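Here the structure is a predicted model, which is why all the values come from computation and not from measurement. Here, residue 1 is the first one in the sequence, and each next residue gets the next number. Start at 1 and go down the list; that is how both ligands and their atoms are numbered.
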Amino acid sequence: MNVEVILKTKGADVTTISSSDTLASAVTLLCDKKIGAVVVVDDGRVRGILSERDIIKSINIAGSEAMDLPVAQVMTANVITCTRSDTLDQLMDAMTGGRFRHIPVIEDDKLIGIVSIGDVVKHRIAETEMEAEQLRLYIASG
Ligand code: AMP
């Protein structure tokens, strides 16, 4: 199982924000879309990622004034990305090792999707169930 299969199921839709937008607008976006992170894109290029954790950290430091900060000041600029051909195991290693739950998918410098830990778990369960079913059929046929 690889990223290509996940994108076929969930599509290429990615919620993005500009680095000059405020945290207040990021909060509205995350709430409206019911998601945990947005990819920061300026002029078609990925500049960073902003997750609910980054926002909580900022509020802890600056209180409600954090809402006026630009996304650029709060986002993680060093984004770990993946490609269509990366496997589920590679994504799980990256998420576990980096302690994050979102990985944007890049192709030819363009953002073509995003995979969350929820997508990874969902597809891992489906894969395991399929393998178990195949084993059951194999045993029953013997
Ligand atoms: P998350 O678990 O995705 O809510 O993110 C936890 C922390 O990791 C936040 O500081 C995010 O900005 C950061 N983060 C999320 N995704 C990535 C990624 N793909 N590459 C690097 N940092 C990330």
Side-chain angles (χ1 to χ4, degrees), residues 1-140:
M1 176 92 59
N2 62 13
V3 170
E4 172 101 61
V5 177
I6 296 177
L7 290 188
K8 267 191 191 137
T9 318
K10 71 172 291 191
D13 195 34
V14 189
T15 302
T16 63
I17 196 164
S18 149
S19 67
S20 58
D21 285 339
T22 61
L23 273 206
S25 58
V27 168
T28 302
L29 201 54
L30 292 176
C31 291
D32 286 352
K33 300 269 185 179
K34 300 185 173 71
I35 53 174
V38 281
V39 182
V40 184
V41 175
D42 291 334
D43 302 322
R45 291 186 71 91
V46 173
R47 300 292 179 199
I49 189 161
L50 180 83
S51 96
E52 52 203 359
R53 289 214 184 144
D54 300 314
I55 296 170
I56 287 168
K57 255 191 264 171
S58 293
I59 294 171
N60 187 41
I61 294 166
S64 61
E65 282 174 24
M67 291 296 107
D68 298 328
L69 293 173
V71 166
Q73 212 169 306
V74 179
M75 70 183 192
T76 300
N78 188 15
V79 193
I80 306 299
T81 61
C82 66
T83 65
R84 275 179 200 283
S85 58
D86 283 338
T87 64
L88 220 50
D89 285 343
Q90 286 173 311
L91 294 197
M92 283 194 295
D93 282 350
M95 286 178 174
T96 310
R99 293 173 173 270
F100 49 71
R101 299 166 291 179
H102 302 88
I103 305 189
V105 189
I106 303 287
E107 187 170 73
D108 297 330
D109 280 343
K110 289 204 181 69
L111 183 62
I112 59 161
I114 188 163
V115 179
S116 74
I117 197 152
D119 301 321
V120 170
V121 170
K122 184 175 146 190
H123 283 83
R124 174 56 95 207
I125 290 171
E127 199 176 50
T128 306
E129 281 175 352
M130 210 172 64
E131 281 166 9
E133 181 58 20
Q134 279 166 356
L135 268 178
R136 268 195 293 273
L137 290 173
Y138 176 71
I139 292 166

Are D119 and R101 close enough, and set up right, to give a salt bridge (charged side-chain N to carboxylate O under 4.0 Å, His left out), and what steps lead you there?
-> CA-CA 10 Å; D119 301 321; R101 299 166 291 179; over 6 Å; no
One line per pair, note the atom names and distance for all nitrogen or oxygen contacts under 3.5 Å between ligand 1 and the protein.
from	atom 1	to	atom 2	distance (Å)
ligand 1	2 (O)	R101	N	3.0
ligand 1	2 (O)	R101	NE	2.8
ligand 1	3 (O)	R101	N	3.0
ligand 1	3 (O)	H102	ND1	2.6
ligand 1	4 (O)	S51	OG	2.8
ligand 1	4 (O)	R101	NE	3.4
ligand 1	4 (O)	R101	NH2	2.8
ligand 1	5 (O)	S51	OG	3.3
ligand 1	10 (O)	D54	OD1	2.4
ligand 1	10 (O)	T76	OG1	3.4
ligand 1	12 (O)	D54	OD1	3.3
ligand 1	12 (O)	D54	OD2	2.5
ligand 1	12 (O)	T76	OG1	2.6
ligand 1	16 (N)	H102	O	3.1
ligand 1	19 (N)	I80	O	2.9
ligand 1	19 (N)	H102	O	2.8
ligand 1	20 (N)	I80	N	2.8

Short N-O contact, R136 and E133, less than 4.0 angstrom = yes
Between CD of Q90 and SG of C82, what distance do you get to the nearest 0.5 Å?
-> 9.0 Å
On a heavy-atom basis, the closest approach of I17 and S25 is CD1-OG, 4.1 Å
Under the criterion side chain to side chain contact (heavy atoms under 4.5 Å, CB included), which of I6, I112, N2 is the partner of R84?
-> I112
Single hit among D54, V40, T22 for side chain to side chain contact (heavy atoms under 4.5 Å, CB included) with V71 | V40
